[in-house]
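Just so you know, these numbers come straight off a predicted model, no measurement behind them.
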Amino acid sequence: MPERGRTIVTFFGAYLIGKSVLNLILGFSMGNIISLVIAVVIAALWFFGVKYTNYIVTVILLFVVVWHLKDNITGFPGTWLYLTEAVVDIAVAACTVFVPDIKAHFERD
């Protein structure tokens with residue numbers, strides 16, 4: 001079970017890195033560079049199953065979604081990519097908290 005959870009969060013970590021790279025390509029800024037570094041750190045923490053990082057990152061992901069939601073909705077259709085990203089972020093956050101295999105990966109000793 002924990003091995004399957006590790007595989008899933010490795011995929012999620014790759015998603016976080018990929019979206020940070022895409023954001024960096026779409027708009028090069030220091031904030032996007034920092035976001036990429038944070039995504040790499042999160043992916044590493046998730047890969048090694050550091051306890052409670054699934055919950056911490058879930059809170060961060062949901063905070064970022066809520067923070068940008070108004071601007072992304074009012075900017076539609078020009079922000080469709082960011083709205084799609086928000087939906088995927090919510091799905092990743094839900095999975096890291098509720099999927100038993102993922103929880104087992106983070107709860108092992």
- Item | N/O donor-acceptor pair under 3.5 Å between T53 side chain and G49 backbone | no

Taken to the nearest 0.5 Å, the spacing of T84 OG1 from D89 CG works out to 10.5 Å

Residues at least two apart in sequence or cross-chain that pass side-chain hydrogen bond (donor to acceptor under 3.5 Å, both in side chains) with D101, listed by chain then number, are R4

In terms of heavy-atom contacts, F106 and V50 come closest through CD2-O, 3.4 Å

**Message:** Please say yes or no: joined through hydrophobic side-chain contacts below 4.5 Å, possibly via intermediate residues, are V92 and F11 part of one cluster?
**Reply:** yes

Query raised in the report: Under a 4.5 Å side-chain heavy-atom rule over Ile, Leu, Val, Met, Phe, Trp and Tyr, are L62 and V59 clustered together?
Result: no

One should read off an interatomic distance between T7 OG1 and I102 CD1, to the nearest 0.5 angstrom, of 10.0 Å

Please check this pair: side chain of H105 against backbone of W46, looking for a donor-acceptor N/O pair closer than 3.5 Å. yes

Should we count OH of Y55 as having more than 12 external heavy atoms under 6.0 Å? yes

Quick check against the 3.5 Å criterion: does S20 have a side-chain atom that pairs as donor or acceptor with the backbone of L16?
yes

Residue set satisfying side-chain hydrogen bond (donor to acceptor under 3.5 Å, both in side chains) with T58, at least two apart, ordered chain then number -> T96

*Flag, side chain of N32 to backbone of N23, donor-acceptor distance under 3.5 Å*: yes

d(T79 OG1, I73 CD1) to nearest 0.5 Å is 8.5 Å

Say whether V88 and V57 are linked into one hydrophobic cluster, either directly or through other cluster members, by side-chain heavy-atom distances under 4.5 angstrom. yes

Open item on the list: For Y15 and E85: C-alpha separation, side-chain torsions, deciding distance, then whether side chain to side chain contact (heavy atoms under 4.5 Å, CB included) applies.
Closed with: CA-CA 10 Å; Y15 157 74; E85 178 184 321; 3.7 Å; yes

| Pair F63-W67, ring pair (Phe, Tyr, Trp, His ring centres under 6.0 Å): steps then yes or no | CA-CA 6 Å; F63 176 79; W67 182 268; 5.7 Å; yes

Is there a path of hydrophobic side-chain contacts, each under 4.5 Å between heavy atoms, that joins I34 and V37?
no

Between the CD1 atom in I17 and the OG atom in S35, the distance rounded to the nearest 0.5 Å is 10.5 Å

Fill in: Hydrophobic cluster membership, V41 vs L36, 4.5 Å side-chain cutoff
no

- Going by heavy atoms in the side chains, are I56 and L45 under 4.5 Å from each other? no

*asked:* With a 4.5 Å cut-off on side-chain heavy atoms, are V9 and F47 touching?
replied: no

Interatomic distance, CG@D71 vs NE2@H68, rounded to 0.5 Å, equals 8.0 Å

